[in-house]
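Since the structure comes first, as structure tokens, the remarks are kept for the end.
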Amino acid sequence: MMRLGRAGRELLRGGRGGAPWAAPRRGAEVLVGAAGGESSGIAEILMNRPHARNSLGKVFVNELFTALEQLRFDEKVRVVVFKSEVKGVFCAGADLKERAKMDDAEVGHFVKRLRNLMDEIAALPVPTIAAIDGYALGGGLELALACDLRVAASSAKMGLIETTRGLLPGAGGTQRLPRCVGIGLAKELIFTGRQIDGQQAFSMGLVNHTVPQNSEGDAAYQRALTLAKEILPQAPFAVKMGKLAINRGMEVDIASGMAIEGMCYAQNIPTRDRQEGMAAFREKRPPQFIGK
């Protein structure tokens, strides 16, 4: 991987129109990184708020929105990995110290903004992977749930713990968790505020993969990169349409979902990548997809 900012990485270049993105401000809490070499096409959103365990404060949330906007229209990006730069923590959830200073109206407005943030993550057109190498609690787990795929270290701790603080999940947890693990398990986890480890999360389908933690503390990240590299060679537009068909289809009855699939398939028919895939099959060679 190339290295970025004070966390040791370089900025991903070539946003919309090929122009370089602006450098992050000094002390930025969210950075955008890029893979090089054979991993070109993998972008990383790097969460780096160590003094607050990557909790979802106002500045942190604003910078996440900015990072998403940078990546949304970059045609070079084929996969996005969410990663923490803080060892032992993915995202600790709400910044309760900051929240305590808000009045009721401010709390309602900010939680609505968090909900919008998770929707923006879910709406990224390319696949997203959460690399959970530590605690993902409350809003931190809601962030991971907004991603398409999740990889966790076996020692990572996850939970929607809001009921232990007199709250309930407000950034999508009550909706995305049952869609992921089923209604019964979701209710149990939310009602009890229970924390589970990576192996338990895998057994109930909350994460796609679990791996033993390594001495560097980034085992989930390494597995997430491997998964991202499996996606990279595939036809980018077809992958985007597959994601769109699944996401939209899950919200409707199956007949409507089949219609959505048909519309997505129709958009893929005239692409150069589809023609390339057919030609590569006939010529017995690997396809070279360009995303058009």
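These numbers were taken from a predicted model, which means no experiment stands behind them. Residue numbers count from 1 along this sequence.
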Run the numbers on Gln222 and Val211 for side chain to side chain contact (heavy atoms under 4.5 Å, CB included), then give the verdict.
CA-CA 10 Å; Gln222 296 299 332; Val211 289; over 6 Å; no
Where do Ile45 and Ile121 land on the side chain to side chain contact (heavy atoms under 4.5 Å, CB included) test, with the steps shown first?
CA-CA 11 Å; Ile45 290 181; Ile121 292 171; over 6 Å; no
Can you check side chain to side chain contact (heavy atoms under 4.5 Å, CB included) on Asn48 and Val30, steps first, answer last?
CA-CA 6 Å; Asn48 191 32; Val30 177; over 6 Å; no
Before you tell me yes or no, could you show the steps for Lys157 and Asp197 under side chain to side chain contact (heavy atoms under 4.5 Å, CB included), namely the whole-Å CA-CA distance, both residues' side-chain angles and the distance that decides it to 0.1 Å?
CA-CA 5 Å; Lys157 297 293 185 182; Asp197 63 28; 4.0 Å; yes
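Atom CG of Asp253 sits in a crowded spot, with more than 12 heavy atoms from other residues, nucleotides or ligands closer than 6.0 Å. Around the CD atom of Glu98, the shell of radius 6.0 Å holds more than 12 heavy atoms that belong to other residues, nucleotides or ligands. Atom OH of Tyr135 has 12 or fewer neighbouring heavy atoms from other residues, nucleotides or ligands inside a 6.0 Å radius. In Ile254, the CD1 atom is not crowded: 12 or fewer heavy atoms of neighbouring residues, nucleotides or ligands sit closer than 6.0 Å. Within a 6.0 Å radius of CZ in Arg248, no more than 12 heavy atoms belonging to other residues, nucleotides or ligands are found.
For the atom pair CG (Leu124) and NZ (Lys240), the distance works out to 10.5 Å, reported to the nearest 0.5 Å. In this structure, OG1 in Thr163 is found 9.5 Å from CZ in Phe191, a value given to the nearest 0.5 Å.
For Glu106, the side chain to side chain contact (heavy atoms under 4.5 Å, CB included) partners are Met102, Asp103, not counting sequence neighbours.
Here the options are Glu216, Glu44, Lys83, the test is side-chain hydrogen bond (donor to acceptor under 3.5 Å, both in side chains), and the partner is Tyr221; only Glu44 passes.
With a 4.5 Å cut-off on side-chain heavy atoms, Arg179 and Glu251 count as touching.
Hydrophobic clustering (side-chain heavy atoms under 4.5 Å, transitive across Ile, Leu, Val, Met, Phe, Trp, Tyr) keeps Leu137 apart from Leu143.
Between Arg194 and Glu188, at least one side-chain N (NZ, or NE/NH1/NH2) sits under 4.0 Å from a carboxylate O, which counts as a salt bridge. In this structure, Asp119 pairs ionically with Arg176, as a charged nitrogen and a carboxylate oxygen lie closer than 4.0 Å.
Judged as a salt bridge (Lys or Arg N to Asp or Glu O under 4.0 Å), the pairs with a partner in residues 274-292 (not counting sequence neighbours) are, in order, Glu276-Arg285, Glu283-Arg285.
Taking all atoms of both residues into account, the shortest heavy-atom contact from Pro233 to Phe289 is O-CD1, 3.3 Å.
Of the possible donor and acceptor atoms, none in the side chain of Asp133 sits under 3.5 Å from a partner among the backbone N and O of Lys87. Checked by atom type and distance alone, the side chain of Gln213 pairs as donor or acceptor with a backbone atom of Asp218 at under 3.5 Å. Judged by distance alone, the side chain of Glu85 and the main-chain N or O of Leu46 form no donor-acceptor pair under 3.5 Å.
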